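Structure incoming, see below.
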Amino acid sequence: MTNGHGSSRRDARVRAARAVAVGLALLLPAVAGVAFLVLKGPPSKQALLEEAGLTGKRELVVGVKDDAPGVSLRDPVTGEFSGFDIDIARMIAADLGFQRDQVRFLPIETEDRPKMQARDGDTFVDVDLVVASYSITEEREKLPSVSFSAPYLRTEQSVVTRAGHPTVTSLDDLRGRSVCTLATSTSETAASRAGAVVTGRNRISECVDALRKGTFDAVTTDAAILAGFVAAEPKKLTAHDIGLDAEERWGVNTGGNEALRTLVNLSLYDSLHNPRDQRWEEAFDRYLRPEQAANLPQQVAIDHQPEDVPQVRIRRWPWERTGAR
């Protein structure tokens with residue numbers, strides 16, 4: 001004969017078991033859904049860092065110019081780098097998780113920017129990023145080792161002469177004149193097409209030194225690069241606005257590393273859209289804005305961050321299908 005209390009206990013256990021089964025039945029689809037989103041949704045920042053080869057990396061090596069005051073200049077005594085490009089590189093490095101003392105800057109020649117090769121003493125080494133006044137062009141983007149980020153600065157081509165030179169209003173005014181510029185740069189092609197007698201040098205400082213000595217009639221390259229030289233010697237050098245419509249848009253080369261390019265764009269996007277992030281503005285105000293007065297009527301550069309930065313979607317939480325920035 002069955003005890004009533006025993007039957008009640010068995011019924012309670014059955015009900016509890018059924019409740020657990022129902023709960024599991026409801027939970028499993030939810031777990032599966034989260035798993036699906038993790039697999040099919042956008043990558044997390046950590047996943048991008050791992051894909052880019054930065055996880056566990058103790059040092060970020062960046063190729064930069066070392067002879068352009070205001071943009072990227074190395075102190076010959078201390079070896080320290082300073083300039084707008086340096087601050088932008090530090091901003092990106094910080095967003096990639098690198099401390100200030102974990103970023104190593106190495107000088108890179110103009111022709112070596114697509115090779116991702118900078119000089120460390122007498123040897124050439126691979127760099128992780130190139131932040132070296134590198135203008136984005138369709139031809140360069142076709143190179144296998146070039147993958148540009150979104151632009152981080154907008155400037156234009158300019159001309160600098162010795163003080164007292166007649167006003168240069170276009171590159172055509174330099175037809176038949178001796179002009180120096182950076183070899184393999186966008187400026188070299190434009191000056192040659194205008195009929196100037198163009199000499200390419202690896203370093204813009206070599207062009208400016210030769211201009212001072214009278215070897216060349218003019219130097220042409222991006223206004224933001226030349227502005228620092230004019231600001232340092234406004235009584236000896238003069239900037240000319242040559243009225244070109246084409247912009248020079250500087251980008252970061254990640255050397256074909258697509259995950260790293262996405263992370264760089266994430267840094268630039270956050271910098272552009274976060275009103276509390278003033279690092280770009282501070283870099284411009286520190287280095288480029290003070291040069292403007294000495295370079296009139298030439299505009300040194302557009303004084304706000306370029307807006308054509310793509311929105312980068314990353315997953316901040318496992319259940320997110322999409323995540324802005």
Side-chain angles (χ1 to χ4, degrees), residues 39-66 72 81 84-120 123-153 184 249-272 279-280 305-306 308-316 322-325:
L39 292 173
K40 299 297 183 181
S44 66
K45 184 175 181 179
Q46 189 57 46
L48 286 171
L49 287 168
E50 187 170 346
E51 183 180 346
L54 300 183
T55 302
K57 191 175 176 64
R58 296 184 177 181
E59 183 179 64
L60 189 74
V61 185
V62 185
V64 296
K65 291 293 185 176
D66 66 349
S72 185
F81 287 83
F84 179 80
D85 272 4
I86 302 302
D87 279 15
I88 296 302
R90 291 195 186 282
M91 177 186 80
I92 294 169
D95 291 344
L96 292 175
F98 291 88
Q99 302 296 322
R100 187 181 181 90
D101 60 358
Q102 293 179 303
V103 183
R104 180 159 63 113
F105 295 109
L106 292 177
I108 192 166
E109 301 292 352
T110 299
E111 63 184 20
D112 293 325
R113 294 178 300 184
K115 303 173 188 175
M116 302 292 287
Q117 288 267 307
R119 201 173 72 246
D120 186 6
T123 62
F124 285 85
V125 300
D126 294 333
V127 299
D128 300 302
L129 297 173
V130 170
V131 187
S133 56
Y134 201 10
S135 293
I136 301 169
T137 69
E138 185 176 348
E139 292 75 19
R140 287 171 175 169
E141 288 183 317
K142 293 177 182 177
L143 298 173
S145 58
V146 173
S147 52
F148 280 115
S149 71
Y152 65 88
L153 185 73
T184 72
R249 298 157 62 247
W250 295 0
V252 178
N253 184 16
T254 65
N257 188 328
E258 291 299 323
L260 182 53
R261 172 160 62 175
T262 299
L263 289 165
V264 171
N265 282 339
L266 177 62
S267 176
L268 294 175
Y269 187 90
D270 283 345
S271 169
L272 176 64
R279 292 174 295 175
W280 191 98
Q305 188 177 347
D308 47 338
V309 182
Q311 183 177 14
V312 178
R313 297 192 175 278
I314 62 170
R315 188 176 66 252
R316 299 194 183 276
T322 59
R325 303 200 305 273

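Remember, it's a predicted structure, so these values are computed and weren't measured experimentally.
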Item to complete: Consider only side-chain N and O atoms of Ser147 and Glu258, and report whether a donor and an acceptor are under 3.5 Å apart.
Response: no

**Message:** Nearest 0.5 angstrom please: Arg315 CZ to Leu48 CG, how far?
**Reply:**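 Taking CZ in Arg315 and CG in Leu48, the distance rounds to 9.5 Å.
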
Spacing of CG belonging to Leu153 relative to CD1 belonging to Ile88, to within rounding of 0.5 Å: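 Here the interatomic distance stands at 8.0 Å.
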
- Query: Pick one: which of Leu129, Asn257, Asn253, Val312 meets side chain to side chain contact (heavy atoms under 4.5 Å, CB included) with Val264?
  - Reply: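 The single option meeting the side chain to side chain contact (heavy atoms under 4.5 Å, CB included) with Val264 is Leu129.
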
Taken to the nearest 0.5 Å, the spacing of Leu272 CG from Trp280 CH2 works out to 10.0 Å

* Before giving the answer on salt bridge (Lys or Arg N to Asp or Glu O under 4.0 Å), spell out for Asp128 and Lys57 the whole-Å C-alpha distance, their side-chain angles and the decisive distance to 0.1 Å. => CA-CA 11 Å; Asp128 300 302; Lys57 191 175 176 64; 3.6 Å; yes

query: Just how far is it from atom CZ of Arg58 to atom CG of Asp101, taken to the nearest 0.5 Å?
result: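 Going from CZ on Arg58 over to CG on Asp101, the span is 12.5 Å.
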
Side-chain donor/acceptor of Arg249 to backbone N/O of Tyr152, under 3.5 Å: no

Is the ring centre of Phe84 less than 6.0 Å from the ring centre of Trp250?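 No; Trp250 has its ring centre 6.0 Å or more from that of Phe84.
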
At what distance, to the nearest 0.5 angstrom, does CD1 of Ile136 lie from CZ of Phe148?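 Here the interatomic distance stands at 6.0 Å.
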
Asp126/Lys115 salt bridge by N-O under 4.0 Å criterion: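 Salt bridge absent between Lys115 and Asp126.
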
Salt bridge Asp95-Arg279, side-chain N to carboxylate O under 4.0 Å: yes

message = With a 4.5 Å cut-off on side-chain heavy atoms, are Asp66 and Ile108 touching?
response =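 Side chain of Ile108 against side chain of Asp66, heavy atoms only: no contact under 4.5 Å found.
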
Side chains of Arg90 and Phe105: closer than 4.5 Å at any heavy-atom pair?
yes

| request: Go through the steps for Glu109 and Gln117 under the test side chain to side chain contact (heavy atoms under 4.5 Å, CB included), then give the verdict. | output: CA-CA 9 Å; Glu109 301 292 352; Gln117 288 267 307; over 6 Å; no

Between Lys45 and Leu263, is there a side-chain heavy-atom distance shorter than 4.5 Å?
yes

- Task: Consider only side-chain N and O atoms of Asp85 and Ser72, and report whether a donor and an acceptor are under 3.5 Å apart.
- Result: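 No, no side-chain donor-acceptor pair sits under 3.5 Å.
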
key: Derivation and outcome, side chain to side chain contact (heavy atoms under 4.5 Å, CB included), residues Val252 and Ile92   = CA-CA 10 Å; Val252 178; Ile92 294 169; 3.9 Å; yes

Close side-chain approach of Met116 and Val130, heavy atoms under 4.5 Å:
yes

